[in-house]
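Remarks on the structure that follows.
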Amino acid sequence: MKSDFNSMTKTELRAFVIAHPDNKAAFRAFVDRFTSEASPETFDIPKSNAEIEEVEILIRQKLEQLNISEGYK
């Protein structure tokens, strides 16, 4: 029986890939969906300690925003 990966939610597809690690079609479907939903925005690699600290601060702020918006705080 062939699974219909397009009808699965991303969470269901992820669970399927984890449960069936040798299923290349499922893995490709998951990667295709993940990359199609990913932001095309890219960032340069931090070049100094100050830039690294700035990135860490931005990541913490984003995580705090996500926690607040998802009701975890």
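Heavy-atom basis, side chains included; hydrogens, waters and symmetry copies ignored. One-based numbering along the sequence shown.
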Among residues at least two apart in sequence or on other chains, which ones pass side chain to side chain contact (heavy atoms under 4.5 Å, CB included) with [X]?
X: Ile59; value: Val55, Leu63
X: Asp32; value: none
X: Glu51; value: Pro46, Lys47, Ser48

Inset, instruction - Starting at CD1 of Ile52, measure out to CD1 of Ile45 and round the result to the nearest 0.5 Å. - result: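 Output value for this atom pair is 10.5 Å.
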Legend entry - Interatomic distance, Asn23 atom CG to Arg28 atom CZ [nearest 0.5 angstrom]: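 Result: 8.5 Å between the selected atoms.
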Legend entry - Crowding at CD, Glu56 (>12 non-hydrogen neighbours, <6.0 Å):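 Yes, the 6.0 Å shell around CD holds more than 12 heavy atoms from other groups.
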Inset, instruction - Determine which pairs satisfy salt bridge (Lys or Arg N to Asp or Glu O under 4.0 Å) with at least one residue from residues 6-26, sequence neighbours left out, and list them in order. - result: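 Those involving residues 6-26 are Lys10-Glu37.
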Inset, instruction - Would you check if the side chain of Arg33 reaches a backbone N or O of Ala29 as a donor-acceptor pair within less than 3.5 Å? - result: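 Flag not set: sc Arg33 to bb Ala29 has no pair under 3.5 Å.
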Legend entry - Pairing residues for Thr35 by the side chain to side chain donor-acceptor pair (under 3.5 Å) criterion, not counting sequence neighbours: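 None.
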Inset, instruction - Sort and list the pairs that fulfil ring pair (Phe, Tyr, Trp, His ring centres under 6.0 Å) and have at least one residue in residues 26-58, not counting sequence neighbours. - result: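 Listed once each, the pairs would be none.
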